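Each remark here refers to the structure printed beneath this line.
Numbers here simply count residues along the sequence, with the first being 1. Note that these values count all heavy atoms, side chains included, but never hydrogens, waters or copies made by symmetry. Since this is a predicted model, take the numbers as computed values, not measurements.
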Amino acid sequence: MNENTASEILRSKGLAATKQRVAIFLKIKECNCHFTAGELHRMLAEDKFRERVDLATVYRTIKTFERAGLLKCVAETGNCRYYGMIDNCGFEHPHFYCRKCGRLFCLKTMKLDSKGIGNLEKIGFEPQFLLLTVEGLCAQCSKGGHSKDGQDDRTQKSD
């Protein structure tokens, strides 16, 4: 994706396509996985060819993108929120968070039953999103093969 396409997408959502928003949007699209605001900020800082973006701007932009329907919170652990692009992650899949290494795994094979959500609508509720995060130790950490300081790729897919 290039800057022009990113600008068009932002404008289609009613957002101003500032240099910083475009840089953040492109980095999120490159990431193609779940991320925290801190991780996104770190990835942007490592990118020498794009606009400089401070952490406060990253947080504000995430909230703006969330309100515009571009991002959603996919998991919440303590005071840490993980986000994903709406078109990259399904509504129904749960996650596993490792308390030792801090990685977040997509559990795509563990589908949630949509009948339960549909029953909520029948009695007048309007579900908008669902968060299911199982916490514990990942396979590597439970065997002692991982440490907290080895966080290069924190978001993993587990099919």
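Side-chain atoms of Glu46 do not come within 3.5 Å of backbone N or O of Met43 as any donor-acceptor pair.
Cluster annotation: Val134 is connected to Phe105 through the hydrophobic network of ILVMFWY side chains, with a link wherever side-chain heavy atoms come within less than 4.5 Å. Under a hydrophobic-cluster definition in which Ile, Leu, Val, Met, Phe, Trp and Tyr are linked whenever side-chain heavy atoms come within less than 4.5 Å, directly or via other members, Val22 and Ile9 are assigned to the same cluster.
When all heavy atoms are compared, the tightest approach of Arg52 to Ala45 is NH1-O, 3.5 Å. For Gly102 against Tyr82, the heavy-atom pair with the smallest separation is O-OH, 3.0 Å.
Within the structure, side-chain hydrogen bond (donor to acceptor under 3.5 Å, both in side chains) pairs that include any residue of residues 11-24 do not occur (at least two apart or interchain).
Under the rule for a salt bridge (charged side-chain N to carboxylate O under 4.0 Å, His left out), Asp54 has no partner lying at least two apart in sequence or in another chain. Considering only residues two or more places apart in sequence or on other chains, Glu135 meets the salt bridge (charged side-chain N to carboxylate O under 4.0 Å, His left out) condition with Arg99. Listed by chain and number, the residues in a side-chain contact (heavy atoms from CB on, under 4.5 Å) with Asn4 are Asn2 (sequence neighbours excluded).
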Acceptor/donor pairs from residues 61-69 side chains to any protein atom, 3.5 angstrom cut, sequence neighbours excluded:
unit_1, atom_1, unit_2, atom_2, d
Thr61, OG1, Thr57, O, 2.7
Lys63, NZ, Glu66, OE1, 3.4
Thr64, OG1, Arg60, O, 3.0

Using the rule given for side-chain contact (heavy atoms from CB on, under 4.5 Å), can you reason through Cys138 versus Arg103, listing the C-alpha separation, both sets of side-chain angles and the distance that settles it, and then say yes or no? CA-CA 8 Å; Cys138 70; Arg103 292 189 304 163; 3.6 Å; yes

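Taken to the nearest 0.5 Å, the SG atom of Cys31 stands 10.0 Å off from the CG atom of Leu44. Here the CG-NZ distance, from Leu26 to Lys29, works out to 10.0 Å after rounding to the nearest 0.5 Å. Atom-to-atom distance recorded for Leu10:CG and Phe25:CZ is 5.5 Å, nearest 0.5 angstrom. Between Tyr83 atom OH and Leu71 atom CG the span is 8.5 Å, to the nearest 0.5 Å. Between the NZ atom in Lys72 and the NE2 atom in His34 there is a gap of 8.0 Å [rounded to 0.5 Å].
Side-chain contact between Lys27 and Val53 is absent, with no heavy atoms from C-beta onward closer than 4.5 Å. The shortest distance between side-chain heavy atoms of Val74 and Phe35 does not fall below 4.5 Å. Between Met85 and Ile28, some side-chain heavy-atom pair lies under the 4.5 Å cut-off.
Atom CD of Glu76 sits in a crowded spot, with more than 12 heavy atoms from other residues, nucleotides or ligands closer than 6.0 Å.
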